S.K.: 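Below are the structure tokens for one structure; questions will follow.
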Amino acid sequence: MIIRKNERTYTLRIAGRDYTVTSADAPEHVRRTAVYMDRKIAEMATSGFVNRETAAVLAGLTVADELLTAQDDNTRLRRELMQARQELQELKHANK
């Protein structure tokens, strides 16, 4: 493993197990990420009789879906912003 400048090693407890990760992200971000994933796995585990591995896979799918939906929303909003900027420029030129 190559450790890059400003990386730190963290031990995170997710779904009852400890994982050691290395990240250059801020400690609070790493903690929030671990807490979020732990919560998602717990949600999956309480939704029925699933083992830890199945709960982790289902949680991963849920998080991937959330990510892709957010990326799609981001793309749509960027397009709308570009269109609004273009319309604003056209209005500015029309009023000159």
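The shown structure was predicted, so the numbers you read here are calculated from the model rather than taken from an experiment. For this chain, numbers begin at 1 and follow the sequence in order.
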S.K.: Taking only residues two or more places apart in sequence or in another chain, which ones pass salt bridge (charged side-chain N to carboxylate O under 4.0 Å, His left out) with Glu87?
M.R.: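 Partners of Glu87 by the salt bridge (charged side-chain N to carboxylate O under 4.0 Å, His left out) criterion come out as none, since no residue qualifies.
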
S.K.: Not counting sequence neighbours, which residues clear side chain to side chain donor-acceptor pair (under 3.5 Å) with Asn74? List them please.
M.R.: Arg78

S.K.: I would like to know whether Met37 and Thr33 meet side-chain contact (heavy atoms from CB on, under 4.5 Å); could you show each step before the answer?
M.R.: CA-CA 6 Å; Met37 200 64 209; Thr33 302; 5.6 Å; no

S.K.: Using a 3.5 Å distance criterion without hydrogens, assess whether the side chain of Asp38 forms a donor-acceptor pair with backbone atoms of Ala34.
M.R.: no

S.K.: Under the rule for side-chain contact (heavy atoms from CB on, under 4.5 Å), what residues qualify as partners of Gln86, not counting sequence neighbours?
M.R.: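 side-chain contact (heavy atoms from CB on, under 4.5 Å) check on Gln86 returns Glu90.
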
S.K.: Could you work out, with side chain to side chain donor-acceptor pair (under 3.5 Å) as the rule, every residue matching Glu66, not counting sequence neighbours?
M.R.: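 Per chain and number, Glu66 pairs via side chain to side chain donor-acceptor pair (under 3.5 Å) with Tyr36, Lys40.
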
S.K.: Report the residues that fulfil side-chain contact (heavy atoms from CB on, under 4.5 Å) with Thr11, sequence neighbours left out, ordered by chain and then residue number.
M.R.: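 Checked Thr11 against side-chain contact (heavy atoms from CB on, under 4.5 Å); matches are Asp18, Thr20.
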
S.K.: Please name all residues satisfying salt bridge (charged side-chain N to carboxylate O under 4.0 Å, His left out) with Glu28, sequence neighbours left out, ordered by chain then number.
M.R.: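 Testing Glu28 for salt bridge (charged side-chain N to carboxylate O under 4.0 Å, His left out), a comparison that skips the adjacent residues, returns Arg31.
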
S.K.: In Å and rounded to the nearest 0.5 Å, what is the CG to CG distance from Asp73 to Leu77?
M.R.: 6.5 Å

S.K.: With side chains defined as the heavy atoms from C-beta onward, is the minimum distance between Gln71 and Leu67 less than 4.5 Å?
M.R.: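 Yes, close enough: below the 4.5 Å cut-off.
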
S.K.: For Thr46, check side-chain contact (heavy atoms from CB on, under 4.5 Å) against everything at least two apart and list the hits.
M.R.: none

S.K.: Determine, for Glu80 against Arg76, whether the closest basic-nitrogen to carboxylate-oxygen distance falls under 4.0 angstrom.
M.R.: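 Salt bridge present between Glu80 and Arg76.
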
S.K.: Can you name the side chain to side chain donor-acceptor pair (under 3.5 Å) partners of Asp25, sequence neighbours left out?
M.R.: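 Applying side chain to side chain donor-acceptor pair (under 3.5 Å) to Asp25 gives Ser23.
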
S.K.: Assess whether side-chain contact (heavy atoms from CB on, under 4.5 Å) is satisfied between Thr9 and Val21, documenting all intermediate values.
M.R.: CA-CA 6 Å; Thr9 300; Val21 298; over 6 Å; no

S.K.: With sequence neighbours excluded, give me every salt bridge (charged side-chain N to carboxylate O under 4.0 Å, His left out) pair touching residues 55-65.
M.R.: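 For residues 55-65, and leaving out neighbouring residues, there are no salt bridge (charged side-chain N to carboxylate O under 4.0 Å, His left out) pairs at all.
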
S.K.: How would you list, by chain and number, every residue that makes a side-chain contact (heavy atoms from CB on, under 4.5 Å) with Ser47, sequence neighbours excluded?
M.R.: none

S.K.: Show every donor-acceptor pair shorter than 3.5 Å between a side-chain atom in residues 48-64 and any protein atom, with sequence neighbours excluded, or say none if there are none.
M.R.:
{"residue": "Asn51", "atom": "OD1", "partner": "Glu53", "partner atom": "N", "Å": "3.1"}
{"residue": "Asn51", "atom": "OD1", "partner": "Thr54", "partner atom": "N", "Å": "2.7"}
{"residue": "Asn51", "atom": "OD1", "partner": "Thr54", "partner atom": "OG1", "Å": "2.9"}
{"residue": "Arg52", "atom": "NH1", "partner": "Ala15", "partner atom": "O", "Å": "2.2"}
{"residue": "Thr62", "atom": "OG1", "partner": "Leu58", "partner atom": "O", "Å": "2.9"}

S.K.: Kindly write out the residues that satisfy side chain to side chain donor-acceptor pair (under 3.5 Å) with Arg32, not counting sequence neighbours, or none if the list is empty.
M.R.: none

S.K.: Between Val35, Thr22, Leu12, which is the residue that forms a side-chain contact (heavy atoms from CB on, under 4.5 Å) with Val30?
M.R.: Leu12

